[in-house]
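Written below as structure tokens is the structure these notes are about.
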Number of protein chains: 2
Amino acid sequence: MQSTAEENYIKAIYKLSGGGESAVSTTALSESLETKPASVSDMLRKLSAKDLVHYVKYHGVQLTDEGHRVALKIIRKHRLWEVFLVQKLHFTWDEVHEVAEQMEHVKSELLIKRLDEFLGHPRIDPHGDPIPTEAGELREVEQRTLASLEVDQQGVVCRVKDSQPSFLQYLNRVGIQIGTQLQVMDKIPYDNSLEISIEKTKSVILSSDVLEKIFVINP
Amino acid sequence: MQSTAEENYIKAIYKLSGGGESAVSTTALSESLETKPASVSDMLRKLSAKDLVHYVKYHGVQLTDEGHRVALKIIRKHRLWEVFLVQKLHFTWDEVHEVAEQMEHVKSELLIKRLDEFLGHPRIDPHGDPIPTEAGELREVEQRTLASLEVDQQGVVCRVKDSQPSFLQYLNRVGIQIGTQLQVMDKIPYDNSLEISIEKTKSVILSSDVLEKIFVINP
DNA sequence: AAATTAATTTAGACAAACCTAAACATTTAT
DNA sequence: ATAAATGTTTAGGTTTGTCTAAATTAATTT
């Protein structure tokens with residue numbers, strides 16, 4: 001079992017290496033974690049002894065397979081909590097991170113299993129990033145703009161490109177947020193606007209401007 | 001702000017002193033926290049310096065007003081998370097404690113405010129213990145058996161006296177769990193059984209045996 | 001290719017939270 | 001009232017995770 005500090009290092013290595021591709025430098029880690037390079041060196045020696053990273057002095061670190069597995073577990077927890085905070089507790093995206101950062105370190109397999117069920121096995125977090133599966137697979141999800149959907153096709157909102165309050169308030173008013181289920185009911189050729197049904201209940205007409213700013217994934 | 005360790009000491013002092021009444025000994029704390037008495041002495045000196053406890057060497061500790069306030073905050077968090085785990089994630093009572101113990105240390109005022117709203121401002125936790133208010137008041141809630149309710153009176157289930165699996169399964173089947181809203185619809189004088197409506201939907205007839213084992217609070 | 005600069009590691013310290021062993025208070029028993 | 005037993009604290013040490021300052025290695029420039 002890893003300490004909170006170790007988990008944070010592993011997460012940072014994962015992020016900075018772009019999912020485990022490239023090696024990561026001590027300085028990059030020290031900036032990302034807001035610690036001094038000397039502290040990073042210390043910790044890398046420790047993680048290396050635990051076989052969580054492959055560390056060559058003066059030449060950076062990479063996660064081992066085990067380290068990679070641990071990283072995905074933490075990211076899964078982080079992103080599930082983000083979904084919970086936004087969808088159930090109505091946090092805004094910017095309020096979410098700091099809290100999820102703490103919750104991701106709570107140790108309980110059962111907790112995460114149940115949380116996942118409670119949230120309906122979400123595939124993406126409120127930022128549109130994919131949530132690793134229980135088995136530790138991270139499948140990238142194809143994201144498309146609402147404008148690219150054909151009549152009758154469905155999608156779940158995963159990202160919006162404009163974060164101006166006025167736009168977000170507009171979405172709020174029509175009832176669209178991350179996770180909302182949409183279906184294209186009709187296309188108006190005149191101006192390429194679409195009639196969209198929201199959660200299979202009400203329906204609205206969205207201009208092509210707006211359609212370009214809303215990203216969905218296939219359900 | 002207090003560390004996790006400090007919070008655990010404060011909580012333990014609160015519990016062992018019976019809510020802040022009597023003083024608590026070093027040994028009692030060391031047993032409760034599973035640490036050595038020497039470690040407790042260290043920490044008490046530290047908490048005393050922070051004015052969270054009133055500590056007289058060789059004569060035990062008590063919480064200061066500030067310490068008392070902090071204790072109630074932690075207990076509020078712990079009990080709200082317990083409600084969440086049981087009501088939303090379907091944890092059983094024995095699975096709850098260890099996890100809530102970790103979650104109670106997550107730092108975010110907003111989180112607790114929103115969690116409280118999300119859960120509908122519960123007044124008791126899954127064990128029937130009262131949840132301190134945001135303002136730090138802990139009002140004991142009068143608990144009565146279902147058998148003591150009159151026709152038309154309402155109650156929320158807060159505790160059951162029998163924890164045999166067969167009994168709990170029976171409750172499960174009729175749809176009764178902690179937090180369930182009940183109302184007495186009718187009394188059958190013949191055997192003192194009651195007709196009880198469950199969550200204002202279905203209704204069942206419960207024998208006086210069963211009625212004695214279910215405790216409710218006024219909503 | 002040597003010298004300078006930049007990045008990294010090592011060495012030695014520190015705070016938090018724990019420990020053991022020894023010293024010191026308090027309580028209890030004689 | 002004193003001695004024994006019990007409870008508590010102090011002193012000194014350990015681990016984790018951090019730090020600063022000095023030493024070392026790698027990269028860059030001339």
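- The cationic atom of A:K161 (NZ for Lys, CZ for Arg) does not lie both less than 6.0 Å from the six-membered ring centre of A:F215 and within 45° of the ring axis.
- In the set D:dT9, D:dT20, C:dT26, the nucleotide with an atom closest to the side chain of A:K36 is D:dT20.
- Rounded to an integer number of Å, the gap from NE2 of B:H59 to C1' of C:dC24 is 13 Å.
- Taking atom CG on B:L47 and atom C1' on C:dA16, their separation rounds to 12 Å, with Å as the unit.
- The aromatic rings of A:H68 and A:Y14 are tilted relative to each other, their planes meeting at an angle between 30° and 60°.
- Proximity of a side-chain donor or acceptor of B:E199 to a complementary backbone N or O of B:L182 within less than 3.5 Å is not detected.
- Closest to the side chain of A:T35, out of C:dC18, D:dT18, C:dT20, is D:dT18.
- The side chain of A:S39 lies closest to D:dT18 when the candidates are C:dT26, D:dT18, D:dA21.
- Within 4.0 Å of B:S41, counting heavy atoms only, lies at least one base atom of the nucleic acid.
- Close to C:dA6, at under 4.0 Å from its OP1 or OP2, lies no side-chain N or O of A:Y58.
- The interatomic distance linking B:D42 (CG) with D:dT14 (P) rounds to 16 Å, in whole Å.
- A heavy atom lying under 4.0 Å from DNA chain C marks the following residues of residues 2-17 of chain B, by number: B:S3, B:A5, B:Y9.
- Ring geometry for B:F84 against A:F118 counts as perpendicular: the plane angle is over 60°, on a 0 to 90° scale with 30° as the lower cut.
- With the nearest nucleotide of DNA chain D identified for both B:A28 and A:P37, B:A28 has the one nearer the 5' end.
- With hydrogens and angles ignored, the 3.5 Å screen pairs a side-chain donor or acceptor of A:E6 with a backbone N or O of A:S3.
- Checking the phosphate oxygens (OP1, OP2) of C:dC24, no side-chain nitrogen or oxygen of B:K57 falls inside 4.0 Å.
- Salt-bridge check for B:R69 with B:E66: passed, with a basic side-chain N closer than 4.0 Å to an acidic carboxylate O.
- Classification of B:K107 and A:E98 as a salt-bridged pair fails, no side-chain N sitting under 4.0 Å from a carboxylate O.
- With rounding to whole Å, B:L33 atom CG is found 18 Å from C:dA16 atom P.
- With rounding to whole Å, B:L44 atom CG is found 11 Å from D:dT9 atom C1'.
- Between A:L29 atom CG and C:dA7 atom C1' the separation is 13 Å, expressed in whole Å.
- Both B:M43 and B:A38 sit near DNA chain C, but only B:M43 has its closest nucleotide nearer the 5' end.
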